[in-house]
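Below is one structure, written out as structure tokens, with a few remarks after it.
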2 protein chains.
Amino acid sequence: MITLTEENYIKAIYHLSSNGEKTVNTNAIASAMQTKASSVTDMIKKLSEKNYADYKKYQGVTLTDDGKRVAVNIIRKHRLWEVFLVEKLNFSWDEVHEVAEHLEHIKSDKLIDELDAFLEFPTYDPHGDPIPDKEGNFKHIEKIVLAKAEVGSAYKCVGVDDTSSKFLKYLDSNHIALGTIITVKHKEPFDNSIKIALENSEIVVSQSVAKNLYLKKI
Amino acid sequence: MITLTEENYIKAIYHLSSNGEKTVNTNAIASAMQTKASSVTDMIKKLSEKNYADYKKYQGVTLTDDGKRVAVNIIRKHRLWEVFLVEKLNFSWDEVHEVAEHLEHIKSDKLIDELDAFLEFPTYDPHGDPIPDKEGNFKHIEKIVLAKAEVGSAYKCVGVDDTSSKFLKYLDSNHIALGTIITVKHKEPFDNSIKIALENSEIVVSQSVAKNLYLKKI
DNA sequence: AAATATTTTTAGACTAATCTAAAAATATAT
DNA sequence: ATATATTTTTAGATTAGTCTAAAAATATTT
């Protein structure tokens with residue numbers, strides 16, 4: 001049996017290794033899990049014993065295929081619940097994360113398969129992240145970050161990196177949502193801010209916003 | 001903060017005291033919680049410290065108003081999730097209990113209020129049990145147990161006491177569901193079995209079935 | 001009312017997950 | 001390449017919930 005805490009560590013390791021495929025180090029996990037390095041060491045030993053992770057002392061950790069399977073399944077559940085919350089229960093995209101963090105740990109294959117069907121097999125969650133299917137495969141969308149978009153081109157907003165309530169509320173108040181069409185007008189070299197055109201407005205966004213917004217060329 | 005285990009103990013105490021309003025004894029809780037009496041003693045001390053229960057050594061335990069509030073809220077969540085599972089996710093009434101046991105512990109007022117609205121404020125769960133409203137009030141239905149129904153009268157099936165999968169499947173296979181009209185034909189004094197008439201059939205049910213089926217006179 | 005049985009509590013130990021503080025290993029700087 | 005800094009691990013303690021076995025309290029029999 002896998003515990004809730006083990007699941008959360010596995011998920012954290014998965015996310016930390018998904019941007020860059022090498023081993024994940026103890027401190028990174030500690031900061032992601034809001035805990036201390038010593039606790040992480042204990043846990044990765046346990047994950048290693050249970051064959052969810054490969055671990056050699058002082059050398060960081062990687063997930064085994066089993067571990068990855070667990071991680072992807074939790075991500076599937078998390079994202080399906082997020083869709084449910086937004087589409088059926090009137091949650092906004094900045095409110096779903098915390099509740100989904102809990103719902104994702106409910107263990108019932110029937111529950112998640114039926115939920116998937118009830119939602120008509122969605123492929124993206126409310127933040128534009130792909131939802132793995134039952135077998136763990138997910139769509140790979142070719143997206144770039146606004147910071148690297150080219151001046152003069154038009155893009156569609158397809159996702160966010162930062163899913164914090166603060167950032168999502170900022171986007172809401174500037175009328176940026178998934179699907180919004182964005183044209184890059186000007187990049188300011190001084191502070192890396194970017195002027196973009198939306199449907200009815202032009203706004204300037206800071207570098208930190210530009211780094212967290214995913215676009216697809218149209 | 002209230003833990004999952006505390007919530008489960010509170011729920012168990014509530015259910016044990018709801019049939020008969022006096023104090024609940026340690027062994028009863030131990031058997032309901034599938035644990036040992038010594039563990040129960042530890043926990044009721046803790047619940048007492050946290051003001052969810054009143055407890056005097058060797059004298060059993062009762063819930064405080066706070067404790068009752070917690071219990072009713074969990075029951076509300078449990079039953080709303082059951083309705084969701086049956087009405088939206090194609091679960092049958094014998095499959096919902098286990099999953100609802102987990103879902104009931106998700107803590108989010110918005111989640112449960114929106115779920116309630118999404119389900120159009122149901123007042124009964126799939127087993128005929130009333131669903132408390134936000135304030136904790138629930139409908140009291142005047143129901144009797146089949147074992148005490150009178151020969152010759154007609155009744156509507158309004159609930160079950162035993163919600164085990166075994167019993168519910170037995171009812172399914174005999175075409176008894178919530179709303180089914182039942183006429184009592186004969187009571188057999190020898191073994192307390194009862195012959196009842198359904199829409200298209202007559203069947204004999206044992207005493208243990210008769211004790212677990214709730215009816216309302218029509 | 002004394003003897004016996006049952007129930008409940010206590011005492012002490014265990015596991016999972018965590019922590020602090022110190023030690024060990026690795027990485028970086030001079 | 002040696003010293004210093006950083007990262008990681010170990011050692012030992014803590015908390016929540018559980019257990020077993022023994023002790024204490026209550027209930028039941030005779």
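Treat the numbers as computed from the prediction; the structure is a model and nothing was measured.
Rounding to whole angstrom units, CD1 of residue Ile44(A) and P of dT10(D) are separated by 10 Å. Lys56(A) has its NZ atom 17 Å from the C1' atom of dT9(D), to the nearest Å. Rounded to whole angstrom, the span from the CD atom of Gln59(B) across to the P atom of dT8(C) amounts to 10 Å. Rounded to a whole Å, the OH atom of Tyr55(A) is 6 Å from the P atom of dT10(D). When rounded to the nearest whole Å, the span between CD of Glu6(A) and C1' of dT18(C) equals 14 Å.
Using a 3.5 Å distance cut-off with no hydrogens or angles, the side chains of Ser206(B) and Ser208(B) do pair a donor with an acceptor. Side-chain contact of Trp93(A) with Asp125(A): a donor-acceptor pair under 3.5 Å is absent, judged by distance alone.
With the nearest nucleotide of DNA chain C identified for both Leu4(A) and Lys57(A), Leu4(A) has the one nearer the 5' end.
Residues passing the side-chain contact (heavy atoms from CB on, under 4.5 Å) test with Ser39(A) are Tyr9(A), Thr35(A), Lys36(A), sequence neighbours excluded.
A donor-acceptor pair is defined here as one N or O able to donate and one able to accept, closer than 3.5 Å; such a pair exists between the side chain of Thr64(A) and the backbone of Asn51(A). Between the side chain of Asn90(B) and the backbone N or O of Val86(B), no donor-acceptor pair lies under 3.5 Å.
Within the 4.5 Å cutoff, the side chain of Lys77(B) has no heavy atoms near those of the Leu103(B) side chain.
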Dump every N/O contact between nucleotides 18-22 of chain D and the protein below 3.5 Å, one line per pair.
{"from": "dT18(D)", "atom 1": "OP2", "to": "Tyr9(B)", "atom 2": "OH", "distance (Å)": "3.2"}
{"from": "dC19(D)", "atom 1": "OP2", "to": "Thr35(B)", "atom 2": "OG1", "distance (Å)": "2.4"}
{"from": "dC19(D)", "atom 1": "OP2", "to": "Lys36(B)", "atom 2": "N", "distance (Å)": "3.1"}
{"from": "dC19(D)", "atom 1": "OP2", "to": "Ser39(B)", "atom 2": "OG", "distance (Å)": "2.8"}
{"from": "dT20(D)", "atom 1": "OP2", "to": "Lys36(B)", "atom 2": "NZ", "distance (Å)": "3.0"}
{"from": "dT20(D)", "atom 1": "O4", "to": "Ser38(B)", "atom 2": "OG", "distance (Å)": "3.0"}

N/O contacts under 3.5 Å, protein versus nucleotides 2-7 of chain D?
none

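The two atoms that bring Lys88(A) and Phe118(B) nearest to each other are O-CD1, 3.6 Å, heavy atoms only. Here the shortest heavy-atom pairing between Leu213(A) and Cys157(A) reads CD1-SG, 3.9 Å.
Dashed line: the shortest gap from a side-chain N or O of Lys45(B) to OP1 or OP2 of dT9(C) is not under 4.0 Å.
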